[in-house]
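Heads up: the structure comes next, in structure tokens.
Just so we're on the same page: letters track the sequence lines, and every chain starts at 1.
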Amino acid sequence: MDEILLTIDGKEVAANEGMTILEAAQKIGIYIPTLCHHELLEPYGACRLCMVEIENRGRIQYVASCLYPVENNLVVRTRSEKVDKIRKMILELLLAHAPDSRDLKELAEEYGADRNRFDREASFCVHCGLCVRYCAEVKQKFAVGFVDRGTRREISFVPKIAAEECWKCKECFPLCPTEALQAAYVYVQDITAKSPFKLVL
Amino acid sequence: MDNATIDQIIDKHHGEASSLIQILLEIQGQNHWLPKEALERISERLEVPFTRIQHIATFYKAFSLVPKGRHEVHICMGTACHVRGAQRVLETVEDLTGIKPGETDLDLKYSLEIVNCLGCCALGPVMEIDGTVHGNMTPATTRDALKKYE
Amino acid sequence: MALLNSLEELDKLKQELLSRKDPNKPCISICAGAGCIASGAGEVIAAFEAEIKKQGLSARVETKGTGCPGYCQRGPVVVIYPEEICYLQVKPEDVPEIIEETIKGKKIVERLVYIDPDTEEKATLESEIPFYKYQERLNLSNNIKIDPKSLDDYLAIGGYSALAKVLFQMTPEQVIDEIKKSNLRGRGGAGFPAGIKWEGSRNAPETTKYVIVNADEGDPGAFMDRALLEGNPHSILEGLAIGAYAIGAQEGYIYVRQEYPLAVENIGIAIEKATEYGFLGENILGSGFNFKVMVHQGAGAFVCGESTALMTALEGRAGEPRPKYIRSNIRGLWEKPTVLNNVETWANVPMIINKGADWFTQIGTDGSKGTKIFALVGKINNTGLVEVPMGMPIRDIIYKIGGGIPGGKKFKAVQTGGPSGGCLPENLLDLPVGFDELVQAGSMMGSGGMIVMDEDTCMVDVARYFLNFLTDESCGKCVPCREGIRQMLKILTDITEGKGKEGDIELLEEIAEVTGTAALCALGKSAPNPVLSTLKYFREEYEAHIREKRCPALSCKDLIAFYIDPDLCRACMACLRKCPAGAIVGAKKQIHVVEQEKCTKCGTCFEVCRFDAVKKISGEPVPPPLPEEERTLTRKGKE
């Protein structure tokens, strides 16, 4: 496979074709923050925290590094005024939902995000989809999925499957960046008899 | 809706998972809502995870997971109707029926939905009841039109 | 109908159809589009059929329910051929007179023709009516001429000759060159050049490829695709088949929203008929080219108009846009090269093939060629579908074709591009319509909605309206879109409710910048546009809401009040009787007063008052009512 040469934060990197910017950065030890990314799972591109600035033939663009494939002569900047502005805003938007998440609070410090910028609307879930995707892609149990759309989007367990599978697995719990899943699961067990659609966190 | 009818619809689409939305639309069309049992049957027959079906059934506006009222009231919230006062029409219907968009009243008389452009902008604001378009609505004419449906 | 197996057989059939057609036979075309049906066209069609039968004219007169010719404002529209006499706002009771006078007597029914509101001049023919006169209806003009359910009608106006031409006289590369040369740009939104998109798919190494018609027309206030699908479905199929031949696809999909049942029906019939005749299916016209078309109904999600979300939906999933940075003409439906174009784009293809790219490029501006159909709606005298050459100034569309603003009101803004577009103010009215021109002004072409707003429309409320639409229609997957829209909507709602505070505008701009840059798909990236364009051109309206708690358009409910001017009130009881909230006190000869606590601000009193006594105010205190003992109306002496 052909090697691809690009520059990340001023350092030359040799990457393989098909690699993403995030992978190439990790290879040389450059850290890019992520929330919805997991090496066992298909790239998802939902949290947009890993946005970076790229320059190609003089054109500047902002792309999700977990998805953007490496290209020859690409110049990547993992931090810039605008990148930081994006990350700060994303963190502030998410902190309204999960104000006590350790991951979010740590990142907030780094990017100067104000956790009280927006009114609290504590739903705890930040829709990173790690539980949903891990359950589907790795465990292939499909015990938890998304329901609805837009601002009403939520995650929802299928009680029938959850009652059978979840108690012996629980592998998605540690993945949750807001540590909310465990509470959700207990709640789900309580309401197993009810409609699967209403429920959730 | 019994399993035989559901199977018939699934067979018509050759049991293909890619036809999932078309199958759900057909069941919605015949039954006016999607009972959980029907969704479970489809999940089994198409070998599609239930999570995917519940995402689809809640993602698309055409589907309802609860029974609908006898009269389906659609208020057009297209931009043309909006600038001509559709909000007032909606508020009048909400006041009179006691339900919000997406809801059905306890007597199963009305289901209220907002829709985005019915394509009769010349008549805006527009209200559609059971497929019949009522045009140039004001709060007063909305009240009169709604009264005619029992 | 026997399958057509060669070019010769097609020519023979066309000859036959033309020879069978008597050009002097009267034909009554009645628009059966959604707007006219809502105005009663169904009853008019039934009345014509009954009257013709009653008079025993069935053999001599033809009637047709057709697609939409565009003039919804004056529907139901009836056009009588061969003279092309156009009657407007026809009612069932007019039918016997039309048959008697026009069909039998060859005379005009004067009261049903167009009368110019200014000059009172009459216009008998379609082409003389100002609404039509300034248009260039390359696509829409056929709608009233053909029965959309009849393939013979389409053949009679030259249908499928472009498909025959490409199959027998052109290589796929030549077709792509012609489309590239025409500079046909996508009519669905961003205006990407179709030829370049096609070429990418043509050159992709995979052998299985797809073509798709995007008929998920979701912009609120746009219905041009619906009119084409309902009125002339074969033109879209023909364009699609040409595209399939050019890129090397053997399967195509039509993704049409289920909210358009007539479009679903007509396109279904068209596919059936075209397959029966041999314009679709195996070995088309004996050329060796195979192509089949399937209809997929959209289940109601605006985001599925985004091309990758549409493909996800076609695969039977919730319509979330694909996050990958790879163009769908290289890897699209089922990971195969896929060309997706909008209805209007496909409909332009047969014309370009028939008349040539050189003809097409004569119409329009440097960057935008051909015509564009707009849905001209809102506060406008002539609501309807209009097709104009690219480059026409917006002012001409609104005033010459649209007839201006009703009720002597002042123009405020025109919104184009749907929820991804923006609002343009009066000083941009001379802007020529074109893809690049609109983007530069902070809006976009979109699918062609053109919503006219007058002085009564609040621009903050318009921004709030679109954001509210998008909160519901976003797929909810990525944070900048889902959460950014949620917070922007919250701020806008606060402002319209009088709870706006200093710093809100700056915060809106900051969220808008992040959402516009970081969102996953085009829906999210363009979601801030309604906010940004209204802030750009109508910032003072935002400031009035925030600082003075005043809505300059007198529209935001929480910032306005109604009161009755005691000097003008004639105590006529009209408003008192009509008030749905029982908020008006008074009696005959007792000056009426609005009880502010009870008033729901529905505006009914304002509308019914014949004496201009009901006043709408904002940003100022409501004048105290007259003391009760002073409310008796003293009749003024005769003048």
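Interface remark: Cys475(C) contributes backbone and side-chain atoms alike to the contact with chain B (heavy atom separation under 4.5 Å). Looking at Gln415(C), neither its backbone nor its side chain comes within 4.5 Å of chain B, counting heavy atoms on both sides. Residue contact with chain B, scored on non-hydrogen atoms closer than 4.5 Å, involves the backbone and the side chain of Arg317(C) alike. Of the two parts of Glu128(B), neither the backbone nor the side chain holds a non-hydrogen atom closer than 4.5 Å to a non-hydrogen atom of chain C. If you measure heavy-atom distances from Leu46(B) to chain C, you find no contacts under 4.5 Å at all. Ile37(C) does not touch chain B: none of its heavy atoms, backbone or side chain, sits under 4.5 Å away. Using a 4.5 Å cut-off between heavy atoms, Glu217(C) makes no contact with chain B at all. Only the side chain of Asp472(C) comes within contact range of chain B, with at least one heavy atom under 4.5 Å from a heavy atom of that chain. In this structure, chain B has a heavy atom under 4.5 Å from the backbone of Val452(C), while its side chain stays farther away.
By the 4.0 Å N-to-carboxylate-O rule, Asp11(B) lies close enough to Arg45(B) to be salt-bridged with it. Between Asp454(C) and Lys409(C) no salt bridge is recorded (no basic side-chain N to carboxylate O distance below 4.0 Å). Remark: Lys12(B) engages Glu26(B) in a salt bridge, criterion side-chain N to carboxylate O under 4.0 Å.
Residues satisfying the side chain to side chain contact (heavy atoms under 4.5 Å, CB included) test with Glu259(C), not counting sequence neighbours, are Arg257(C). A search for side chain to side chain contact (heavy atoms under 4.5 Å, CB included) contacts involving Ala553(C) returns Lys412(C), Cys458(C), Cys551(C), Ser555(C), not counting sequence neighbours.
Tyr253(C) places no side-chain N or O within donor-acceptor distance of the main-chain N or O of Met311(C), the cut-off being under 3.5 Å. Using a distance-only test at 3.5 Å, with no hydrogens or angles considered, a donor-acceptor pair links the side chain of Thr534(C) to the main chain of Pro530(C). Of the possible donor and acceptor atoms, one in the side chain of Asn143(C) sits under 3.5 Å from a partner among the backbone N and O of Cys68(C). In this structure a side-chain-to-backbone donor-acceptor pair under 3.5 Å is present from Ser443(C) to Thr416(C). With hydrogens and angles disregarded, a donor-acceptor distance shorter than 3.5 Å links the side chain of Ser533(C) to the backbone of Cys423(C). Side-chain N or O atoms of Ser43(B) include none that pairs as donor or acceptor with a backbone N or O of Leu39(B) at under 3.5 Å.
Side chain to side chain, Asp2(B) and Thr5(B) meet the donor-acceptor criterion of an N or O pair below 3.5 Å.
Contact count against chain B (heavy-atom pairs under 4.5 Å) is highest for Asp461(C) among Val462(C), Asp461(C), Thr457(C), Thr600(C). Per-residue heavy-atom pair counts under 4.5 Å with chain C were compared for Leu24(B), Leu118(B), Val115(B), Thr138(B), and the maximum is reached by Leu118(B). With chain C as partner, the option from Arg52(B), Lys61(B), Gln22(B) having the largest number of non-hydrogen pairs under 4.5 angstrom is Gln22(B). Counting heavy-atom pairs closer than 4.5 Å to chain C, the top residue among Gly29(B), Ala140(B), Ala62(B), Cys120(B) is Ala62(B). Highest contact tally toward chain B, considering only Gly384(C), Ala38(C), Gly449(C), Ala222(C), is held by Ala38(C) [criterion: heavy-atom pairs under 4.5 Å]. In terms of heavy-atom pairs under 4.5 angstrom with chain B, the leader among Arg74(C), Lys578(C), Lys557(C) is Lys557(C). Heavy-atom pairs under 4.5 Å with chain B peak, among Gly378(C), Gly35(C), Pro261(C), Gly221(C), at Gly378(C). Ranked by heavy-atom pairs under 4.5 Å with chain B, the first of Lys601(C), His296(C), Gln73(C) is His296(C). Heavy-atom pairs under 4.5 Å with chain C peak, among Leu25(B), Ile23(B), Asp95(B), Leu20(B), at Leu25(B). Considering only heavy-atom pairs separated by less than 4.5 Å from chain B, the leading option among Phe466(C), Phe302(C), Tyr260(C) is Phe466(C).
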